[in-house]
Amino acid sequence: MVKFVLHRAFYKGHIAFELPTDGGMRESIRRELTKCRDKHNDYVLVTMEQPKKPRTTGAYSQNHHLNGHIMQICNETGNSYDAIKYCVKMLAVEEMGYPYQMLDCLICPQSESDCSTEDCAKLIEAAHVWAAQHGIILQE
């Protein structure tokens, strides 16, 4: 499966989509279409939705907000950054609909680098909830 945001175009009265300029992305699409041709007689499942705005990064961003909260929780609990981040992500998956994949019957939360603004807001809220459940008052 590949997932990309593509630009819609019209070509000779048909709807078409412009391929990404990145060679790696083009190769991923080519491989997936080859599989569809070889295994499914050129049928392709297409899901359309509006592109999501990526999370903000940099000073005063969602990313900064989330990671600051995770660091505060680490400092209060003495746990590692990775452990707290995983706990926050799992809470967001279980209670807030944060995206994940199943891999060998294990829940693998989506990387925050792939987050939309809505997904990152779920992680921030999960950090608030996790901290409150453990009696930690976070500084904004």
Side-chain angles (χ1 to χ4, degrees):
M1 179 179 91
V2 293
K3 188 174 185 178
F4 296 103
V5 175
L6 300 175
H7 183 260
R8 181 180 65 173
F10 293 96
Y11 180 73
K12 295 185 179 180
H14 296 281
I15 296 174
F17 294 93
E18 295 175 2
L19 291 174
T21 57
D22 179 89
M25 293 175 156
R26 285 175 170 254
E27 180 59 22
S28 295
I29 292 170
R30 187 197 64 73
R31 279 194 312 267
E32 198 67 29
L33 289 174
T34 299
K35 285 188 234 174
C36 291
R37 181 196 65 209
D38 295 345
K39 294 182 179 182
H40 302 285
N41 200 27
D42 260 341
Y43 282 92
V44 178
L45 173 65
V46 176
T47 303
M48 291 189 191
E49 61 182 293
Q50 296 176 18
K52 295 181 179 171
K53 184 178 177 188
R55 73 184 159 93
T56 59
T57 58
Y60 307 106
S61 67
Q62 285 181 307
N63 189 55
H64 193 263
H65 187 158
L66 172 63
N67 291 319
H69 283 344
I70 291 171
M71 285 305 300
Q72 288 177 56
I73 295 169
C74 291
N75 292 337
E76 289 285 326
T77 64
N79 291 303
S80 74
Y81 181 85
D82 290 335
I84 296 299
K85 183 179 268 189
Y86 182 76
C87 291
V88 166
K89 284 183 176 185
M90 288 304 294
L91 179 64
V93 165
E94 293 167 1
E95 298 189 13
M96 299 170 190
Y98 185 75
Y100 65 94
Q101 298 181 340
M102 291 298 292
L103 182 62
D104 291 334
C105 300
L106 297 172
I107 295 173
C108 300
Q110 172 181 278
S111 169
E112 68 273 11
S113 64
D114 296 326
C115 282
S116 66
T117 53
E118 295 87 8
D119 295 336
C120 197
K122 291 174 184 176
L123 291 177
I124 292 168
E125 182 60 23
H128 291 167
V129 170
W130 200 96
Q133 289 173 344
H134 293 83
I136 299 169
I137 298 172
L138 296 173
Q139 302 298 315
E140 292 296 324

Is it true that [X] and [Y] fall in one hydrophobic cluster, defined by side-chain heavy atoms closer than 4.5 Å?
X    : Y   : answer
L33  : I15 : yes
L6   : F10 : yes
F4   : M48 : yes
Y11  : L19 : no
M102 : V93 : yes

Working to the nearest 0.5 Å, report the span between [atom1] of [X] and [atom2] of [Y].
X    : Y    : atom1 : atom2 : result
Q72  : N75  : CD    : CG    : 8.0 Å
K89  : Q110 : NZ    : CD    : 8.0 Å
Y86  : L91  : OH    : CG    : 12.0 Å
L123 : Y98  : CG    : OH    : 4.0 Å
D114 : C120 : CG    : SG    : 12.0 Å
T117 : K53  : OG1   : NZ    : 6.0 Å

With a 4.5 Å heavy-atom cut-off, do [X] and [Y] have their side chains touching?
X    : Y    : result
K35  : H40  : no
H7   : F17  : no
R26  : R30  : no
M96  : V129 : yes
P20  : I29  : yes
I136 : T77  : yes
L138 : I73  : yes

Exercise for review: May I ask you to say whether K122 pairs ionically with E125, meaning some side-chain N is under 4.0 Å from a carboxylate O?
Suggested key: no

Within a radius of less than 6.0 Å around [atom1] of [X], do more than 12 heavy atoms belonging to other residues, nucleotides or ligands occur?
X    : atom1 : value
Q50  : CD    : no
I137 : CD1   : no
H64  : NE2   : no
E18  : CD    : yes

Study note, to complete from the structure: In K85, R55, Q62, the residue satisfying side-chain hydrogen bond (donor to acceptor under 3.5 Å, both in side chains) with E112 is K85

Review point. Are any side-chain N or O atoms of D22 and backbone N or O atoms of G24, one a donor and one an acceptor, separated by less than 3.5 Å?
Key: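 Side chain of D22 to backbone of G24: a pair is present.
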
**Study point:** Shortest non-hydrogen separation from C108 to L103 and the atoms involved
**Key:**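 Scanning both residues completely, I find the closest heavy atoms to be SG-CB, 3.9 Å.
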
Practice item. Please step through side-chain hydrogen bond (donor to acceptor under 3.5 Å, both in side chains) for the pair E76 and H134, ending with a clear verdict. Key: CA-CA 10 Å; E76 289 285 326; H134 293 83; over 6 Å; no

Exercise for review: Using the side-chain contact (heavy atoms from CB on, under 4.5 Å) rule, take H69 and H128 through it: C-alpha gap first, then chi angles, then the decisive distance, then the call.
Suggested key: CA-CA 8 Å; H69 283 344; H128 291 167; 2.9 Å; yes

Exercise for review: Please report the C-alpha distance between C74 and I84 in whole Å, then the side-chain angles of each, then the deciding distance to 0.1 Å, and finally whether the side-chain contact (heavy atoms from CB on, under 4.5 Å) criterion is met.
Suggested key: CA-CA 7 Å; C74 291; I84 296 299; 3.8 Å; yes

Review point. What do the steps show when you test W130 against C87 for side-chain contact (heavy atoms from CB on, under 4.5 Å), and what is the final call?
Key: CA-CA 8 Å; W130 200 96; C87 291; 3.6 Å; yes

